[in-house]
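Chain naming here is simple, since letters A, B, ... match the order of the sequence lines and numbering starts at 1 in each.
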Amino acid sequence: MNLSEITNGLNDKQHQSVALDNTQNALILAGAGSGKTRVLTHRIAYLVTQKNIHTDSILAVTFTNKAAAEMRERLGTLLRRSIQSMWVGTFHGLAHRLLRTHYEKAGLTSGFQILDAQDQYRIVKRLMKENNIDESKFPVRKVQWFINQQKDEGIRAQDVDPGYNFFVKKSLEVFVLYEAHCRANDLIDFAELLVRSYELLKNNAELLEHYQTRFSHILVDEFQDTNTVQYKWIQQLFTGNNQVFCVGDDDQSIYGWRGAKIENITKLETDFAPIQTIRLEQNYRSTGHILSASNALIANNTNRMGKSLWTDAGDGDLIDVYEARTETDEADYVVRKIQKLIKDGGRASDCAILYRSNAQSRVFEEVLIKYNVPYIIYGGLRFFERGEIKDALGYLRLIENTADNVAFERIVNFPTRGIGNATLEKIREFARNEHTNLFQAAQQVSPTLPTRASNALKGFIALIEQMVDDSKHLDLSEKVAHLLSASGLMNHYANDKTDKAGSKKENLEELISAAKQYKHEEDSEMNEVVGFISLASLDSSGDGNAPAVDNVQLMTIHSAKGLEFPNVFLGGLEEDLFPSRQSKDEPHLMDEERRLCYVGMTRAMKRLTLSFAVKRFLHGQSLYAYPSRFLDEIPSEYINKVKAKFGATQVNYQEDDIYNQDIEPQANGQLAVGAGVRHAKFGYGSVLNFEGDGDSARIQIKFKTAGTKWLIASYANLEFV
DNA sequence: GTTCTCTAAGTTTTT
DNA sequence: CTTAGAGAAC
């Protein structure tokens, strides 16, 4: 591969960044839509092909799994060679890898488990209860928050100065208990992954030196989102004999609430000196008005590093600002506009609806269903975070490692089998006194219990032992399938009357196929089951498969970062919602809200629509709201104001008459969007959406009486009418 | 010990 | 509007 292949189509600044001398540290201040990912991947390609840097010597860190996957893919096609051995991943993913490889030196056993936010919450809550700390005075969530905040700063419990703040004092008590509990049980929460791997290298000079020598080139994406520990992690690997290449944009820092420090970008210039700073300011994404409006908005922030984006793409359309009467009116306007775009030849997937908080998605969802517009929601409750999935994984974890106490607690009495709190408390006490795990404690305690409890517990122990035995020779997906039926989970959810749509059962079936699709890396530090379980904790999205059908995309602005769409609808621009109420009192929080708005607006390529509702139903009550201050900060010359005429949204719309809709039906044989179907239990309905074909197809159907559901073709037994 | 019903409290963003 | 928790009835 020659140089021109790599630098082809890059502008001057991009070219300069990519082809910097390989002994040079660099900070690339890359504005929204300035080709940041491109520069990063081409830089790696340049190093590998032009400077003969081995792929093993490259460490590339991103913030999200999505970004890491994208980078891997782009590099694969660009380099046309295996990048297997290259360390590309998220901070958390790479830290995890370090800990798995050197678990002993990190003070862990090979079976250590990752705690997700929910697991952590449960543990903090139980510790507080056991130690009589009043939850009403010290909310669990706040204490959990406090603990994570310290850890994001790299601060251990013993290093916290309680001062005279009573809340801090109490939280610190819990922090101490929590740390002891995690150490005793081999538990690693998200923040701990980073702190522990940082300490691992700090305390093992040879190990640190090994990685310092190995990684001659360290590349970091989204540098403005790094927190203190992440910064120290990078700094520690840097010796001056290797090079860093950091890409970031201070105007897009939106994770301050999670401990991210924008200042880290400025600190780079001293801590990694000499470092060359290059600004990428040409925007290739948005048209002129959108860009000017975004520039004007962000100019209201203080302490910017300074940067002004420009484009030669022309002015484009004005930004529509819609004044809705209510949140339903807002959604109605947005969805009908999307329908019109589709009718005029646009694609649904070219449209994105963005919002500040997840709760706002519901109204949009309802209206999209009403108008039969296919959609997909990102975020919200993620696949691997669903209760039924965590139950199943609990069994998988316990079978893999009976010492897994978190898993034990979760499933010992689920589905219910007569093991109550009284019994559990005895098991816990025994485990504490004898320094053993809960499963072993249960084995010891069971004969001493009253008959009923004893039998119940013995039954559970036998069940797990049997499952361990049975699944020895099964592969991963067979294991999952087996445990679902043997544990009684599948049966439980199949008979669950509260699960009206049967979606929990479907999710469990989905878990089997997720296990089937899981690709385990041969040279991994983990076995297949542990690898799968870790994936479930670290990559909560779970939806690896892209939507097969053309869908409108709904997500929070946070999850839209790094993405772009031809048509963006940004809703809920009201004071106290966006900017959020919690950010009002603190100028630096307000600045972050503004950056968030800036990120949202700069996702748009061709058309941007902003909207706000005069009256909004939120938190169970209707409130009148003022338009967001951000709207006032956009000069009126870029804006086209749209207002609801009274009655304008009263459409002559018939529930069942999907043929009156503005949607082009998509078809795959008999299976077609809009096709009428009959289901034995749910009755008549029409197809809204589908993925895949044949028996494995998943079909979304709006039933006349039973609501909207996703069904699997092979189970649903549909009759086309 | 389990299940049902009622009340109260909390609601930004995510690896 | 949701969800978690308490209390009562089985």
Side-chain angles (χ1 to χ4, degrees), chain A residues 61-68 89-96 114-118 120-122 125 129 135-136 139-142 145 148 151-152 188-194 222 225-227 229-230 253-260 327 354-363 366 378-382 384-385 387 413-424 449-450 452-453 455-457 496-498 534-541 555-561 572 576-584 589 592-593 595-597 599-600 616-623:
Chain A
V61 197
T62 65
F63 224 73
T64 65
N65 292 299
K66 215 189 221 166
T90 63
F91 276 102
H92 295 266
L94 295 172
H96 179 233
I114 301 172
L115 288 181
D116 69 12
Q118 282 174 50
Q120 188 186 38
Y121 179 89
R122 282 161 169 256
K125 182 168 184 139
K129 211 168 211 170
E135 272 179 48
S136 59
V140 180
R141 218 154 271 296
K142 291 229 168 93
W145 179 257
N148 287 332
K151 294 175 90 161
D152 283 342
I188 302 287
D189 59 43
F190 285 140
E192 185 75 21
L193 283 168
L194 301 170
E222 310 274 20
D225 287 333
T226 52
N227 65 28
V229 186
Q230 288 163 334
S253 164
I254 54 175
Y255 286 100
W257 53 274
R258 208 170 69 185
E327 75 283 350
L354 308 181
Y355 34 79
R356 174 72 238 267
S357 73
N358 276 310
Q360 287 167 257
S361 68
R362 224 194 60 233
V363 186
E366 281 165 7
Y378 296 93
L381 193 52
R382 285 163 188 71
F384 285 118
E385 285 170 5
N413 195 34
F414 192 85
T416 48
R417 46 174 72 89
I419 302 168
N421 221 339
T423 307
L424 253 177
L449 296 170
R452 220 165 96 186
N455 286 338
L457 191 54
D496 187 355
K497 288 182 210 79
T498 58
S534 303
L535 173 91
S537 331
L538 287 176
D539 185 4
S540 50
S541 67
M555 66 191 89
T556 62
I557 304 168
H558 281 90
S559 28
K561 188 158 91 157
D576 289 350
L577 180 63
F578 193 16
S580 151
R581 204 199 143 87
Q582 282 94 321
S583 305
K584 272 212 145 143
L589 293 179
E592 182 152 316
E593 294 284 322
R595 289 194 293 269
L596 191 57
C597 187
V599 168
R616 180 176 293 269
F617 193 74
L618 207 65
H619 309 325
Q621 52 183 340
S622 250
L623 293 171

Asker: So A:A117, base contact, sugar-phosphate only, or nothing? Heavy-atom distance under 4.0 Å.
Answerer: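 Nothing: the residue A:A117, judged by heavy atoms under 4.0 Å, touches no strand.
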Asker: Phosphate oxygens OP1/OP2 of B:dT14: is one of them under 4.0 Å from a side-chain N or O of A:S559?
Answerer: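 Indeed, a polar side-chain atom of A:S559 lies that close.
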Asker: If you look at every strand shown and take non-hydrogen atoms under 4.0 Å, does A:F63 touch a base, only sugar-phosphate, or nothing?
Answerer: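 A:F63: backbone/sugar contact only, no base atoms under 4.0 Å.
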Asker: Round to the nearest Å and state the distance from A:Q582 atom CD to B:dT13 atom P.
Answerer: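 Going from A:Q582 (CD) to B:dT13 (P), I get 10 Å.
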Asker: If we take the C1' atom in both B:dT13 and C:dA4, what is their distance in whole Å?
Answerer: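 Approximately 23 Å lies between the C1' atom of B:dT13 and that of C:dA4.
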Asker: For residues A:D576 and A:K584, determine if any side-chain heavy atom of one lies less than 4.5 Å from a side-chain heavy atom of the other.
Answerer: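 A:D576 vs A:K584: side chains touch.
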Asker: Taking the minimum atom-to-atom distance to the side chain of A:T423, which one of B:dT2, B:dT15, B:dG1 wins?
Answerer: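 The closest nucleotide is B:dG1.
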Asker: Checking side-chain contact (heavy atoms from CB on, under 4.5 Å) against A:K561, which of A:I254, A:T556, A:L596 comes through?
Answerer: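 Going through the options one by one, the only one that passes is A:I254.
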Asker: Using whole Å, report how far CG of A:D576 lies from C1' of B:dT13.
Answerer: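 Nearest whole value for this atom pair: 16 Å.
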Asker: Pick the nucleotide of DNA chain B nearest each of A:I419 and A:S583; which residue has the one closer to the 5' end?
Answerer: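 Its nearest nucleotide lies further toward 5', so the answer is A:I419.
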Asker: Which of the following nucleotides, B:dT15, B:dT14, B:dG1, is nearest to the side chain of A:N65?
Answerer: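 Looking only at heavy atoms from C-beta outward on A:N65, the closest nucleotide is B:dT15.
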Asker: For A:D116 and B:dT14, give me the distance from atom CG to atom C1', rounded to whole Å.
Answerer: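 In whole Å, B:dT14 C1' lies 12 Å from A:D116 CG.
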Asker: Can you tell which of B:dT11, B:dT14, B:dT2 lies closest to the side chain of A:R258?
Answerer: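 For A:R258, the side-chain atoms sit closest to B:dT14.
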Asker: Minimum heavy-atom separation for A:G93 to A:L538, with atom names?
Answerer: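 Closest approach of A:G93 to A:L538, heavy atoms only: CA-CD1, 4.3 Å.
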Asker: When the distance from OH of A:Y378 to C1' of B:dT14 is rounded to whole Å, what number comes out?
Answerer: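 About 17 Å, once rounded to whole Å.
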Asker: Once you round it to whole Å, what is the distance between P of C:dA4 and NZ of A:K129?
Answerer: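 For the pair A:K129 NZ and C:dA4 P, the rounded distance is 13 Å.
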Asker: What class does the angle between the rings of A:H92 and A:F190 fall in, given that below 30° is parallel, 30 to 60° is tilted and above 60° is perpendicular?
Answerer: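 The arrangement is perpendicular - the two ring planes meet at more than 60°.
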Asker: Can A:W257 be called stacked on B:dT13 when the rule is centres closer than 5.5 Å and an angle between planes below 30°?
Answerer: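 It does: the ring sits over the base of B:dT13.
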Asker: Provide the closest heavy-atom pair for A:D152 versus A:A191 in the form atom of the first, atom of the second, distance.
Answerer: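 Smallest interatomic distance, heavy atoms only, reads OD1-CB, 3.8 Å.
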Asker: Just compare C:dC1, B:dT3, B:dT14 and give me whichever is closest to any side-chain atom of A:R362.
Answerer: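 Side chain of A:R362 sits closest to C:dC1.
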Asker: Tell me whether the side-chain N/O atoms of A:T556 come closer than 4.0 Å to OP1 or OP2 in B:dT14.
Answerer: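 It does, given that an N or O in the side chain of A:T556 lies less than 4.0 Å from OP1 or OP2 of B:dT14.
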Asker: In whole Å, what is the span from the CD atom of A:E327 to the P atom of C:dC1?
Answerer: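 About 12 Å, once rounded to whole Å.
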Asker: CZ of A:R141 versus P of B:dA9: gap in Å, rounded?
Answerer: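 So the two atoms are 16 Å apart, to the nearest Å.
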Asker: From the list B:dT15, B:dT2, B:dG1, which nucleotide is the closest neighbour of the side chain of A:T416?
Answerer: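 Of B:dT15, B:dT2, B:dG1, B:dT2 is nearest to the side chain of A:T416.
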Asker: Between A:N413 and A:I419, is there a donor-acceptor pair closer than 3.5 Å when you use the side chain of the first and the backbone of the second?
Answerer: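 Present.
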Asker: Give one of base, sugar-phosphate or nothing for A:F617, where a contact means two heavy atoms less than 4.0 Å apart.
Answerer: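 The answer is sugar-phosphate, as A:F617 gets under 4.0 Å only of primed atoms, P, OP1 or OP2.
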Asker: Where the side chain of A:N413 is defined as all heavy atoms beyond and including C-beta, which of B:dT2, B:dG1, B:dT14 is the nearest nucleotide?
Answerer: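 The answer is B:dT2.
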Asker: Closer than 4.0 Å, any side-chain N/O of A:N227 to the OP1 or OP2 of B:dT15?
Answerer: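 Looking at the OP1 and OP2 atoms of B:dT15, neither is under 4.0 Å from any side-chain N or O of A:N227.
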Asker: Tell me: CD of A:E222 to P of B:dT13, nearest whole Å?
Answerer: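 Nearest whole value for this atom pair: 19 Å.
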Asker: For A:R581, answer base if it contacts any base atom (sugar-phosphate contacts may also be present), sugar-phosphate if it contacts only those atoms, and nothing otherwise; contact means non-hydrogen atoms under 4.0 Å.
Answerer: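 Touches nothing.
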